[in-house]
Amino acid sequence: MKDRRDRALFAEAYNDPDSGIFTGRKKVANPEFTGPVTYIGHDQVDADVSLLKQAMSKAGASNGFVAALSPGSAARLPNKFYEEDIDLVRACGEALKAEYKAITDAGLTVQFDAPDLAEAWDSVVPEPSVADFQAFLHERIAVLNESIKDIPREQTRLHICWGSWHGPHVTDIPFGDIIEEILQAKVGGFSFEGASPRHAHEWRVWQDHKLPEGTVIYPGVVSHSTNAVEHPQLVADRIIKFAELVGPENVVASTDCGLGGRLHYQIAWAKLQALVDGAELATRELF
């Protein structure tokens with residue numbers, strides 16, 4: 001987005017193709033909303049579910065998840081049809097019910113990828129007030145809750161991130177400014193960045209905010225935004241810190257965001273190994 005505030009502050013870096021900010025990801029053309037939103041992805045989601053379950057069976061895994069766009073995230077493309085943007089969000093929520101249900105009916109967890117809940121802050125120009133952005137989030141969380149009311153809560157989780165590109169991120173909104181709205185989501189778990197240089201300190205939000213009953217957190221303990229591979233002891237320390245705040249039974253160690261397309265595959269696999277090794281260290285220390 002050319003109007004992103006972080007991009008304006010670091011214009012020279014963002015316009016340098018050798019800066020590493022976009023790490024070689026290809027540019028794609030984005031569609032627009034020019035008519036009523038309907039869902040036509042049945043075959044695609046069925047294929048994703050089938051392939052994942054085959055892979056899980058082969059690996060002997062019992063739990064799996066499929067990522068799906070949250071209604072608010074799906075609605076971020078240019079709107080040339082709906083009178084109000086929130087009408088578009090609601091239409092996306094209604095349409096996406098089919099995808100969410102197909103995933104959970106297969107016994108899998110659905111992860112709602114929702115960068116609109118944090119990353120969108122930086123793309124609003126001029127910068128809004130925190131109260132206005134919280135109201136923006138409130139509407140979108142309400143639509144998500146409506147769209148998932150008929151699926152098991154324990155098969156849902158919400159992913160919040162501040163964007164996966166390797167930029168400075170100095171204009172990111174603090175987690176503490178949005179956590180209360182985030183926790184209104186009626187999901188079984190919350191996935192969020194906990195290892196990036198810009199957000200690793202924000203474990204502190206759990207000192208002041210109680211995790212809703214029956215939910216877990218999936219904090220990132222390895223980051224997608226640096227090539228340095230985290231030491232297993234650092235991973236363990238991060239896990240323990242979260243466990244001490246919300247209870248070890250409520251913590252599932254995770255990555256900040258998806259690693260594919262952000263890191264070389266060798267580095268991604270090394271980070272995942274560090275995550276496993278760190279989790280084993282943390283388990284020994286905690287139990």
Side-chain angles (χ1 to χ4, degrees), residues 37-75 92-117 140-141 143-161 164 182-194 211-222 224 239 242 246 248-262 265 268-269 271-273 275-276 279:
V37 175
T38 58
Y39 187 76
I40 59 172
H42 301 88
D43 291 343
Q44 287 81 2
V45 71
D46 287 347
D48 283 348
V49 166
S50 176
L51 290 170
L52 177 58
K53 296 195 76 171
Q54 289 175 38
M56 288 170 57
S57 177
K58 185 176 180 179
S62 56
N63 297 311
F65 78 93
V66 175
L69 285 175
S70 68
S73 223
C92 288
E94 186 63 30
L96 283 165
K97 285 181 180 180
E99 183 159 300
Y100 302 157
K101 193 169 189 303
I103 294 167
T104 55
D105 280 353
L108 300 168
T109 293
V110 56
Q111 173 176 296
F112 310 109
D113 282 353
D116 59 301
L117 301 181
R140 280 149 181 78
I141 292 291
V143 173
L144 174 65
N145 287 340
E146 176 63 24
S147 69
I148 63 175
K149 65 181 181 181
D150 295 324
I151 61 178
R153 184 168 182 167
E154 64 273 14
Q155 287 179 252
T156 62
R157 72 187 194 214
L158 179 63
H159 174 67
I160 305 102
C161 80
S164 60
I182 299 296
L183 291 178
Q184 299 309 305
K186 296 178 180 178
V187 294
F190 298 92
S191 162
F192 52 87
E193 291 185 39
L211 190 63
E213 190 71 27
T215 61
V216 300
I217 59 172
Y218 299 80
V221 292
V222 295
H224 64 288
I239 294 170
F242 285 110
V246 303
E249 71 281 5
N250 296 320
V251 178
V252 180
S254 187
T255 64
D256 272 351
C257 195
L259 304 181
R262 285 92 178 181
Y265 77 91
W269 280 113
K271 282 176 174 279
L272 293 174
Q273 186 62 57
L275 192 159
V276 171

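Under the 3.5 Å distance criterion, the side-chain polar atoms of N145 are matched with a main-chain donor or acceptor of K186. Side-chain N or O atoms of D256 include one that pairs as donor or acceptor with a backbone N or O of G194 at under 3.5 Å.
Using a 4.5 Å heavy-atom threshold, the side chains of C161 and F192 count as separate. Taking 4.5 Å as the limit, some side-chain heavy atom of L183 sits within range of a side-chain heavy atom of P212. Between E99 and Q44, every side-chain heavy-atom pair lies at or beyond the 4.5 Å cut-off. Inter-residue side-chain proximity for T255 and K271 is flagged as unmet; no heavy-atom pair is nearer than 4.5 Å. Within the 4.5 Å cutoff, side-chain heavy atoms of L272 are placed close to those of L259.
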>> One pair to check against side-chain contact (heavy atoms from CB on, under 4.5 Å): T215 and V187. What are the steps and the verdict?
In response: CA-CA 7 Å; T215 61; V187 294; 5.8 Å; no
>> Apply side-chain contact (heavy atoms from CB on, under 4.5 Å) to residues Q273 and V276 and explain how you reach the verdict.
In response: CA-CA 5 Å; Q273 186 62 57; V276 171; 4.2 Å; yes
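Scanning all heavy atoms of the two residues, the minimum distance from Y218 to S254 falls at O-CB, 3.8 Å. Taking both residues in full, the closest heavy atoms of T109 and I103 are given as O-CG2, 3.6 Å, listed atom of the first, atom of the second, then distance. The nearest pair of heavy atoms linking A253 to I239 is CB-CD1, 3.6 Å. For A95 against T38, the heavy-atom pair with the smallest separation is CB-C, 4.1 Å.
Atom-to-atom distance recorded for I141:CD1 and I182:CD1 is 5.0 Å, nearest 0.5 angstrom. How far CH2 of W269 is from CG of L275: 12.0 Å, rounded to the nearest 0.5 Å. Taking CG of D43 as the reference point, atom CG of D48 lies at 11.0 Å (rounded to 0.5 Å).
Among residues at least two apart or in separate chains, side-chain hydrogen bond (donor to acceptor under 3.5 Å, both in side chains) pairs with a member in residues 148-158 are Q111-R157, E146-K149.
Applying the side-chain hydrogen bond (donor to acceptor under 3.5 Å, both in side chains) criterion to H159, with sequence neighbours excluded, gives S191. Every residue two or more places apart in sequence or in another chain that forms a side chain to side chain contact (heavy atoms under 4.5 Å, CB included) with A75 is listed here: L88, V89, C92. With sequence neighbours left out, D105 forms a side-chain hydrogen bond (donor to acceptor under 3.5 Å, both in side chains) with K101. Residues satisfying the ring pair (Phe, Tyr, Trp, His ring centres under 6.0 Å) criterion with F112, sequence neighbours excluded, are Y100.
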For residues 52-66, please give each side-chain donor-acceptor pair under 3.5 Å, one per line with the distance, not counting sequence neighbours.
unit_1, atom_1, unit_2, atom_2, d
K53, NZ, A106, O, 2.9
Q54, NE2, S50, OG, 3.2

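Annotation for I40: atom CD1 does not count as buried by contact number, only 12 or fewer foreign heavy atoms lying within 6.0 Å.
Here the options are L117, L96, L158, the test is side chain to side chain contact (heavy atoms under 4.5 Å, CB included), and the partner is L144; only L158 passes.
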